[in-house]
**Student:** 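Quick one: the structure is below, and I'll ask about it shortly.
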Amino acid sequence: MQKKILIIGASGQIGTELTIKLRALYGNDNVIATDIREGSKALMLSGPFEILNATKKEAIKALLLKHQIKDVYLLAAMLSATAEKMPQKAWDLNMNSLLHVLNLAKEGLISKIFWPSSIAVFGPNSPKKDTPQYTIMEPTTVYGISKLAGERWCEYYHHKFGVDVRSLRYPGIISWKTNPGGGTTDYAVEIYHKAITNGTYTCFLKENTRLPMMFMEDAVAATVQIMSTTKSSIRIRSSYNLSAIDFTPQEIALEIKKHLPNFTIKYAPDFRQEIADSWPQTIDDSHAKKDWHWKHNFDLQNMTIEMLKNLKLKYHSTPEMQNL
Ligand code: SER
């Protein structure tokens, strides 16, 4: 029998696309989507959905038992920009949800966990270029502190209790189906929307701010890959560095201009500039390449083609979405 999967945070940017991918791979009814709020039509109509508050351990437990779940993907989290505004709430959500899932695995109710970490675990004292897997990690954001603490808990639960938890340090994720919310890398999604709807975009980061990024298809592929790799290949139980592309706002704008020559960009950096300045510019993911043969597919050129093509179709078919 196909094992059942629980997705916590399924209505979010990554959750939506990951759920749909896992449903295609393992059967719609075998992937139970949950979130604090309902998600997109595509998510809601493609399989089972339940409302779940990820900070309530007993509620998670009840769903595990009700659906005879084996694997859990915990994607619920407050991202970097929002977390700076609500530090305590961010810490409570990001930490408690992870500890609940780790404890439920320790109690024997979950066999495998996926939990995402982030480039935000690095800080101003980490090397900026080709940031290594093992280096100085002194995050200066609430989000980064919660992700670094989470990584330490993952490794601890693996070594002490044998919990099979697997994790990736995602870079900024770019997608056209669902919007990100509250992150510092969100500009790289907004810019495509505004290029199509307004022909101009005001960026909240400076033109030369380089950050590591990745197209959603690659992020989902990496997640599926690390979760289906044999246990013994996973040598890092904190979280793997993961990399694909990197660019600055100026470079992505130039790429968009190749397709939309009249597109213009302005810069009005806000508090998110300081967050971006504390993060790496490029990431060394040689461990992921060596241990489970990670390889990305999308570069800035073909990602831009995909983003513009699909967003044009989306705005064309549903004009009300132009308010996004
Ligand atoms: N995309 C995230 C953020 O900007 C980083 O993991 O917060």
Side-chain angles (χ1 to χ4, degrees), residues 9 12-18 73-87 89-91 93-95 97-98 114-124 126 128 131 137 139-151 154 167-193 203-206 209-220 222-223 226 238-249 252 269-283 285 288 296 298 303 307:
Q13 187 202 15
I14 299 171
T16 301
E17 298 205 32
L18 184 63
Y73 294 68
L74 171 59
L75 301 165
M78 204 182 281
L79 293 188
S80 58
T82 317
E84 289 308 298
K85 293 181 176 158
M86 301 179 224
K89 211 172 164 192
W91 176 260
L93 170 64
N94 297 2
M95 274 304 92
S97 59
L98 175 61
F114 177 78
W115 174 80
S117 184
S118 159
I119 53 164
V121 290
F122 299 109
S126 312
K128 290 259 172 246
T131 309
M137 296 168 90
T140 48
T141 62
V142 173
Y143 176 65
I145 295 168
S146 76
K147 286 295 181 187
L148 182 55
E151 286 191 7
C154 288
S167 177
L168 299 169
R169 290 174 182 154
Y170 288 137
I173 309 289
I174 295 154
S175 61
W176 56 269
K177 286 186 190 153
T178 316
N179 284 333
T184 301
T185 57
D186 294 9
Y187 92 84
V189 177
E190 284 171 17
I191 193 170
Y192 287 111
H193 284 266
C203 184
F204 57 75
L205 296 181
K206 287 187 205 153
T209 312
R210 183 173 301 283
L211 286 170
M213 301 276 186
M214 180 177 282
F215 191 45
M216 179 65 87
E217 239 179 88
D218 277 332
V220 168
T223 309
I226 195 176
S238 51
S239 189
Y240 276 93
N241 273 12
L242 187 73
S243 149
I245 45 182
D246 56 272
F247 51 79
T248 64
I252 190 174
D270 66 14
F271 73 101
R272 288 168 281 192
Q273 185 65 45
E274 193 184 335
I275 301 178
D277 287 342
S278 77
W279 288 353
Q281 298 181 348
T282 60
I283 297 283
D285 63 354
H296 73 273
F298 283 85
M303 178 178 81
M307 287 296 290

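The chain is numbered in sequence order, starting from 1. Note that ligands are numbered from 1 as they come in the structure, with each ligand's atoms numbered from 1 the same way.
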**Student:** What are the polar N/O contacts of ligand 1 with the protein below 3.5 Å, with distances?
**Tutor:**
| from | atom 1 | to | atom 2 | distance (Å) |
| --- | --- | --- | --- | --- |
| ligand 1 | 1 (N) | T185 | OG1 | 2.8 |
| ligand 1 | 4 (O) | S80 | OG | 3.4 |
| ligand 1 | 4 (O) | T184 | N | 2.6 |
| ligand 1 | 4 (O) | T185 | N | 3.1 |
| ligand 1 | 4 (O) | T185 | OG1 | 3.4 |
| ligand 1 | 6 (O) | S118 | OG | 2.7 |
| ligand 1 | 6 (O) | Y143 | OH | 3.2 |
| ligand 1 | 7 (O) | S80 | N | 3.1 |
| ligand 1 | 7 (O) | S80 | OG | 2.6 |

**Student:** Can you name the residues that form a salt bridge (charged side-chain N to carboxylate O under 4.0 Å, His left out) with D218, not counting sequence neighbours?
**Tutor:** none
**Student:** Test of understanding: with side chain to side chain donor-acceptor pair (under 3.5 Å), list the residues that count as partners of S243, not counting sequence neighbours.
**Tutor:**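 For S243, no residue satisfies side chain to side chain donor-acceptor pair (under 3.5 Å) once neighbours in sequence are set aside.
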**Student:** Around atom NZ of K128, are there more than 12 heavy atoms of other residues, nucleotides or ligands at under 6.0 Å?
**Tutor:** yes
**Student:** So, Q273 and T209: side-chain donor and acceptor under 3.5 Å apart, yes or no?
**Tutor:**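 A pair is found: one side chain offers a donor N or O, the other an acceptor, under 3.5 Å apart.
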**Student:** My understanding is that only residues two or more places apart in sequence, or in another chain, count here; which of them pass side-chain contact (heavy atoms from CB on, under 4.5 Å) with T178?
**Tutor:** T16
**Student:** Hey, are H296 and D285 close enough side-chain-wise for a donor-acceptor pair under 3.5 Å?
**Tutor:**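 The answer is no; no qualifying pair exists.
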